[in-house]
Visitor: 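Below you'll find the structure I mean.
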Amino acid sequence: MQQALLEVYNLTKIFPGIRALDDVHLTVRSGEVHALIGENGAGKSTLVKILTGVYTPTAGKLVFDGKEIAFKNAIEAQEAGIVAIHQEASMFPELSVTENIYMGHHLRNPKNHKLDWKAMTENTRQLLAQMQLDIDPDTLVKNLSVAKRHMVEISKALSLDAKLVIMDEPTSALTEREVEDLFRIVRDLKKKGKAILFISHKFEEIFEICDYFTVLRDGQYIKEGLVKDSNEDEIINMMIGRSIDQMYPQHNPNIGEVVLKVSNLSQLGAFKNISFELHRGEILGFFGLVGAGRTEVVRTIFGIDGAMGGTMEIDGKPYAPRSPRDAMHYGLALVPEDRQKQGLVLKMSLTQNISLPVLDTLSWRKLITRKKCEKTYVLEHGNQMEIKSAGYHVDADTLSGGNQQKVVLAKWIGTDPKILILDEPTKGIDVATKAAVHEFVCEMASRGVAVILISSELPEVIGMADRILVMHEGCQTAILANKEITAENVMRCAIGNVQTEGSNA
Amino acid sequence: MSEGKQLVAKGRLIQEMSLKNRLIELITKWEVILCILLVVVVVFFSNMTPYFWDWFNLMNATFQFSEKAILALPMIFIIMCGDIDISIASIVALSGFVVGTAAEKGVGIPSLLLLSLLVGTVAGLINGLLITGLEMPAIAVTLATQSIYRGIPTGVLGEHACTQYPQGFGFFGQEFIPGTVIPFELVLYLFIAAIFAFVLHKTTYGRRLYAIGNSAETAKFSGINVKRMRIINFTLTGFFCGLGGFLLASRILSVRSNIATGWDMEIITLVVLGGVSITGGRGTVIGVILGSLLVGYLKFGMGLLKFSGTVMTIVVGSLLIIAVLLPRLLDLYKANRKLRMQQRS
Amino acid sequence: QGTKDQAAVKGEKEIVILCKSMGNGFFDAVFKGSEEAVAELGGIKTTYMAPSQATAEGQIEIIESLIAQRVDGIAISANDADALIPVAKKAMAAGIKVISFDSGINVGGRIVDLLPSNAELIGRQQIQLAADLTGMKGDIAVLSASAQATNQNLWIDWMKEEIKDAKYSNMKLVEVVYGDDAPDKSYREATSLMKKYPNLKAIICPTTVGLLATAQAVKDAGMTGKVEVTGLGLPSEMKGYILDGTCRKMALWNPIDLGYTSTYILAALMDGTSKGSVGEVIPAGRMKSVKVEKDGLIYMSTPYVFNKDNIEQYAAIF
Amino acid sequence: MPNRSFQSVMKQAFARREATLIVLLVLLLVPITIRSPHFLSVKNISTILNDMAILVIVSIGEFYVILSNGIDLSVGSVIAFAGMACGMLNESHPEIPAPLLLLVGMGIGAILGLVNGVLVAYGKIPPIITTLGTVSIYRGMTFLLSKGTWVTAHEMSKSYIALPRNTFLGISVLLWIAFAVIALFYYFSRYTRTGREVYAIGGNANAAKFVGVSESRIRLVVFLVSGTLSGLAGALWTARYASAVNEMATGFEMQAVAACVLGGVNFAGGAGGIIGVAMGTLFLGVVTNALPVIYLSVFWQTFVQGFIVLIALALNTMSDQRKTRKLLAQRRG
Ligand SMILES: Nc1ncnc2c1ncn2[C@@H]1O[C@H](COP(=O)(O)OP(=O)(O)OP(=O)(O)O)[C@@H](O)[C@H]1O
Ligand SMILES: Nc1ncnc2c1ncn2[C@@H]1O[C@H](COP(=O)(O)OP(=O)(O)OP(=O)(O)O)[C@@H](O)[C@H]1O
Ligand SMILES: [Mg+2]
Ligand SMILES: [Mg+2]
């Protein structure tokens, strides 16, 4: 093992009201891929932001490449040799790919200090070629797909020729193939002697690519070690202080009559000819690579976007929602993909968040709110989800990601839905919460609720769903059931290779 | 809310607040600050001039700001949702113009009121439809409709002033409640303000306004018809602009195309000063009422001291900036206190 | 303006000269006249006030605050002849003597209205000046202040009346435009007038701002001598254009006299020597006296004509 | 963006706003010219351009503020204060050379802009509120400075009044200055880091932070630019109209914003260009100048201007919607 490149001693970061990092140690060596592990809110992203100069630490010492460092902004960190791919995508949609890569460190003509567009475009072209990305450097980023955007973001970090590359959940928006590409690049970097700090909630990835790990819990340093000397259960135990039954909960399907029937549903530029039937008590998985159009389908079903063709029926009656409100009247509920932007009102209390979809029923003649009713209601459904918070009066933005997800779930179960749609409910949340969500989904199904579960994690869909609808680039490639559900089958359909006929149940 | 099983958050939360801290919390509340400022203004001017602390004068002074204060109320809803309307003065002028023109044709008072409200409502509705239909920021759209609505009376009236009104028309804008020194406009204002306070703080509509202001997208996903509510807000504002036009015409009994110029800015100032966040999602009706009273009496007091209008504009402009700067500084102060306390622990 | 000593000595009466807007040289001169009169009369304090924008609403606000202060008299140059009536009535009901000058309030909203001159005389004189300058032929246009200005509109009506006379058969009043007393707007309006009417021979501007901007526009267009500029303007402001020949003649009454007389009238009303009823003769210091005519109107003299020869002398005064 | 094949440049250009404006301008000019053939005379065109020179200078300042996702409502008041200060300085010290007065105007504008900028960048007050406050404060300061009086032609030096009127190669100095400003800021936007960083802040302020673009610095810069250009415009205004009065340029901010909207500048920040703004200003100028020529009463001018801005907005939406209907749905739900 090489010598230490980055050493973090006694790092503490205090936000008003919370100790995000408490006396943390971390050592990263050149030529290693170092996994930073911890459940939601453990302080991983905070650590990354301190390393890149976005936040200043409250206390502690950082040594990088033999020198003590205290960056004031991202540029200083970059110049010192630390770059990061942040958890939240940070792109400029109205600007070109070239410019997105060079923003903050545009190349200048040394003679007259004029920006050297020619050189930047040329470099970008090469960089993209290296990544095997087929993108014109002049394309505006707003015209790229989500996954491509993420790849551009990764190229950006690589363009900087850093000594330490930090990747904060880089794979959460990538397709399998792109993950492979990414891992190829990571190995490449490692060979060149660079250090990589890798953050992910997916253990397969950690075991595949990482050499060393450090575990954080509640902002505190727990343990570090070699990945190959450890195993999943051990790490999970370090992360959350107990072991988790990682088995998917046993779901005894109690499938009833058809609730929702979708025929040839289409939307311009998003998806076409989606047809399926959803039964009471059934969990229907939606699988596809990122960008396959699953979100669009459920958005249309929930009345957010209009359909361009096709019909829907609920309980045999025509169903054509014009708004989510309509959809809710028919007994639908949607737990959206982006909990921060679509699921929660971050600056409102948990109480007000949870009661938001059912305000009408909690009020006098749909008009005047009744605090008492609201309180009992929220307590009932909130406690059911075991939300960890300082109380129901605190704002939703003070919660960690996983708990925010629980609030969103609590918010929707209260509507007592007939059809529950979950769009990536476990994305970016830690194992413990994930298990709780799985439990909850099964419970809903056994109570007779029809569930649509969108997930990009193959094991999750296979473990949870009774049947799986697979999509590929906006088209439905198969609906798999029972024995047909194998990892191989599902994946083949997802990449558009449909030889085995998926039966239409 | 401590009943029921409550799991404590991870990440070491800070302990309960002490009494002193709670007091600081209260004093740094914006409504409380406004109250204190209002008292300061009253005490200051009462000492500076014998004419300020005088029941009749205090009541009479409300004529100067009642109409603007009324319009600030629906504006709370608009700003609460993160929108803005800079065409309201033009709608006031437009409906005032309609009142004036119709009155010259001999239309009676009830019909004048209806007409005025109708014109205002329609103008507001058009704003709402354009903003949601074009999916453009409200400031851009109302910048255009500002000229359009003002352009109609300007184009039609030209140099003309409408000065013929039915008998008794002046009551609404000029008179007192019979037998008292309380202006009719003031009573009307307080009545409307009470309704607005109720709607914003006690009804589902109000709750939804807060939700939209904080996150329109979440609101939409939660089954709130965001578009419709925004349209309603603009229409409601238009309705009250119609009322404002009617009251203004009644107060000055002469309508020209340039009435109510500069009201947009003044009214937005009242709302923001009242503590409504310009980015939406935060604010109270009582704050805006206090803000309106504060600005109204500040200007009245300065007028008594014969300050020129120039000085008043500077003072009100500075007040607006301070009003936004101050809570920010307070927040910073509070955050720093918390940090220091944590570090000590 | 500014903080004035509030504990004014009891017994001293207080009057306010309420003007159309801040920063108009004309009204500064009016106030000078008022101060002159106050010095002669004794026992009266005079204050200059104006809204920051030339609107009726601004004036209403000020009058309301004057009612609260119970001043004794207000002389107003109104931004709107009708809009001020209700509040002025209220002031009079509170015992304040209200008169208007220069730009009047309609009957009912003041006790008397002091006109700088007879609107008829002013209007007719403007056409005569233009006729004089153009040799009685060609198109002429009027560039006025705001479309709402009471006095300007009255004068323009009389201009239209005057030009009907047969002797002006070769002259034509082609258009009345409004510069809103804003220099840039007036400038643009003047420029477009010249563009629109190739046969334009004169522009009449019965307002100083308009006159200034028009003179500059004509000068810039190289039309000096081809398009005559005349109207009503302050000598001190117009001096340059009169001397360089852009505006060879213009007229104006004396604003100092206007303020002076207004103050004398207010004084008479306040001490009860006059009621302002028709036929009364009110003494007015060096202006001798003025007579109240029908509808409470009081007229002063015909406007004075300024030209190259006398401008320097008057520019030094107002 | 630069370095691109001719074809793709053309394609981009025609998808762009500027092209739409040219078409609209031609459509507008045809009936006007039929009605009044002299509208397209050299003299009239030069009048229109001269009329628009000051507006374009101010609009470019406004453009940067809007680009950074803000708005500057104080430009009219900055013009008034700087213009009044220059006029008074000229009156009391006629010996100061006229070009120096322009610098004085810019300096004053820069200070006022800086005040806005500091309040926005460091006080974290939203631009609309900041400038809503300073629009009254600066206007009030103008009154206090002048004590309400005017500066008129004969009190100003001949060289100052002549400055914008002098011609060079048959084009007025005023217009040259406008061209210089356009060229300078075209360069600024395309070829300097700071220029590009304004786009970054307007497009995604959060992302900009991650790549080390200082948000406060950029916010300061845009208001500084806006203030400086408004100050320059003020100095020119006083000379051009040969008078400085307290109400000058009241409501000018609306025209500047309208020019930006017409020029296709995205109100949500992050998109737009200098050439578009210049075209937008020209369009506004043609319309304003055409009204009297087509004998439309001046009273309807306000109405027509508002209507045009509305149409421009509708056009913005339609072209945007067609291209990014899907994206919008994704982003905004
Ligand atoms: N700007 C901030 N202000 C206040 N609290 C914050 C801030 N940023 C993070 N926190 C809090 O600090 C803690 C650590 O957050 P952080 O984002 O580092 O977690 P994480 O380990 O990255 O979690 P995840 O896996 O969900 O991304 C959380 O409790 C979070 O709520
Ligand atoms: N930025 C974009 N511009 C154009 N088309 C896009 C863009 N992003 C996605 N798409 C297209 O929209 C469709 C659906 O995308 P989306 O990411 O919502 O799908 P998804 O299957 O729900 O993915 P996820 O796993 O992220 O939920 C795909 O056809 C994709 O190509
Ligand atoms: Mg994180
Ligand atoms: Mg999706």
Side-chain angles (χ1 to χ4, degrees), chain C residues 1-2 19 21-28 48 50 52-54 143 147 175-198 208-209 211-213 215-217 219-222 233-244 246-247 311 315, chain D residues 36 38-39 41 43-44 47-48 50-51 54-55 79 83-84 87 136 139-140 142-156 158 161-162 164-165 172 237-252 255 285 288-295 297-299 301:
Chain C
Q1 235 171 338
C19 303
S21 69
M22 296 286 293
N24 191 325
F26 180 85
F27 291 112
D28 292 340
Y48 176 100
S52 46
Q53 272 172 352
L143 191 153
E175 194 178 350
V176 179
V177 296
Y178 300 88
D180 286 343
D181 267 352
D184 58 318
K185 180 136 192 276
S186 307
Y187 184 98
R188 253 203 295 280
E189 292 297 343
T191 311
S192 78
L193 275 178
M194 288 186 276
K195 234 183 304 181
K196 235 155 79 177
Y197 304 103
T208 300
V209 181
L211 193 55
L212 280 168
Q216 189 63 42
K219 210 166 139 184
D220 285 348
L234 271 180
S236 59
E237 308 281 6
M238 283 298 294
K239 189 174 114 184
Y241 297 111
I242 293 204
L243 291 177
D244 73 13
T246 313
C247 167
I311 187 77
Chain D
S36 160
H38 108 123
F39 193 81
S41 67
K43 200 166 159 218
N44 194 46
T47 315
I48 296 179
N50 272 319
D51 255 0
I54 291 180
L55 179 58
I79 292 174
M84 180 57 78
S136 345
R139 179 73 62 181
T142 311
F143 271 98
L144 295 186
L145 177 73
S146 67
K147 308 229 165 43
T149 57
W150 311 334
V151 182
T152 44
H154 73 272
E155 291 159 345
M156 294 163 57
K158 287 216 161 49
I161 296 182
R165 292 173 175 75
S172 73
W237 183 297
T238 302
R240 161 120 171 106
Y241 298 111
S243 68
V245 306
N246 298 285
E247 295 87 358
M248 65 203 245
T250 308
F252 208 60
Q255 286 192 46
T288 319
N289 271 272
L291 288 181
V293 174
I294 56 170
Y295 295 95
S297 150
V298 286
F299 293 120
Q301 198 162 316

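Below, read A as the first sequence line, B as the second, and so on, with proteins coming before strands; counting in each chain starts at 1. Just so it is clear, the values below take in all heavy atoms, side chains as well, and ignore hydrogens, waters and symmetry mates.
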Visitor: Where does C:Asp28 contact chain D at under 4.5 Å (heavy atoms): side chain, backbone, both or neither?
Guide: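 Contact with chain D is through the side chain of C:Asp28 alone.
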Visitor: Where does C:Ser186 contact chain D at under 4.5 Å (heavy atoms): side chain, backbone, both or neither?
Guide: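 It is neither, since no heavy atom gets under 4.5 Å.
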Visitor: What part of C:Gln216 is in contact with chain D, defined as an atom under 4.5 angstrom from a non-hydrogen atom: side chain, backbone, both or neither?
Guide: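 Only the side chain of C:Gln216 comes within 4.5 Å of chain D.
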Visitor: Tell me, for D:Ser243 versus chain C, whether the close heavy atoms (under 4.5 Å) come from the side chain, the backbone, both or neither.
Guide: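 For D:Ser243, the contact with chain C is made by the side chain alone.
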Visitor: For D:Val151 and D:Thr238, run side-chain contact (heavy atoms from CB on, under 4.5 Å): C-alpha distance rounded to whole Å, both residues' side-chain angles, the deciding distance at 0.1 Å, then the answer.
Guide: CA-CA 9 Å; D:Val151 182; D:Thr238 302; 5.8 Å; no
Visitor: Counting only non-hydrogen atoms closer than 4.5 Å, does D:Ser41 touch chain C with its backbone (N, CA, C, O), its side chain (CB onward), both, or neither?
Guide: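 Contact with chain C is absent: no heavy atom of D:Ser41 under 4.5 Å.
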Visitor: Side chain, backbone, both or neither: which part of D:Tyr241 has an atom under 4.5 Å from a heavy atom of chain C?
Guide: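 The answer is both parts of D:Tyr241.
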Visitor: Contact between C:Leu143 and C:Tyr178 at the side-chain level, heavy atoms closer than 4.5 Å - yes or no?
Guide: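 Side-chain contact under 4.5 Å: no.
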Visitor: Donor-acceptor check, side chain of C:Thr246 to backbone of C:Ala215, threshold 3.5 angstrom: yes or no?
Guide: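 Checked: no pair found.
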Visitor: Tell me, side chain or backbone of D:Ile161 under 4.5 Å from chain C's heavy atoms, or both, or neither?
Guide: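 Contact with chain C: side chain only.
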Visitor: Output the option from C:Leu243, C:Asp220, C:Leu212 having the highest count of non-hydrogen pairs under 4.5 Å with chain D.
Guide: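 Heavy-atom pair counts peak at C:Asp220.
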Visitor: Would you name the heavy atoms of D:Glu247 and C:Ser21 that are closest together and state the gap between them?
Guide: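 Heavy-atom minimum between the residues: OE2-OG, 4.3 Å.
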Visitor: Is the shortest distance from a Lys or Arg side-chain nitrogen in C:Lys219 or C:Asp244 to a carboxylate oxygen in the other one below 4.0 Å?
Guide: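 Looking at C:Asp244 together with C:Lys219, the answer is yes, because their closest N to O distance falls below 4.0 Å.
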Visitor: Need one label for D:Arg139: side chain, backbone, both or neither, based on atoms under 4.5 Å from any heavy atom in chain C.
Guide: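 Neither part; nothing is under 4.5 Å.
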Visitor: Say whether, by atom type as modelled, one donor and one acceptor occur between the side chain of D:Arg165 and the main chain of D:Ala239 under 3.5 angstrom.
Guide: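 Judged by distance alone, yes, a pair lies under 3.5 Å.
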Visitor: Assess, by modelled atom type and distance only, whether the side chains of D:Ser146 and D:Asn246 contain a donor and an acceptor separated by less than 3.5 Å.
Guide: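 Distance-only check passes for D:Ser146 and D:Asn246.
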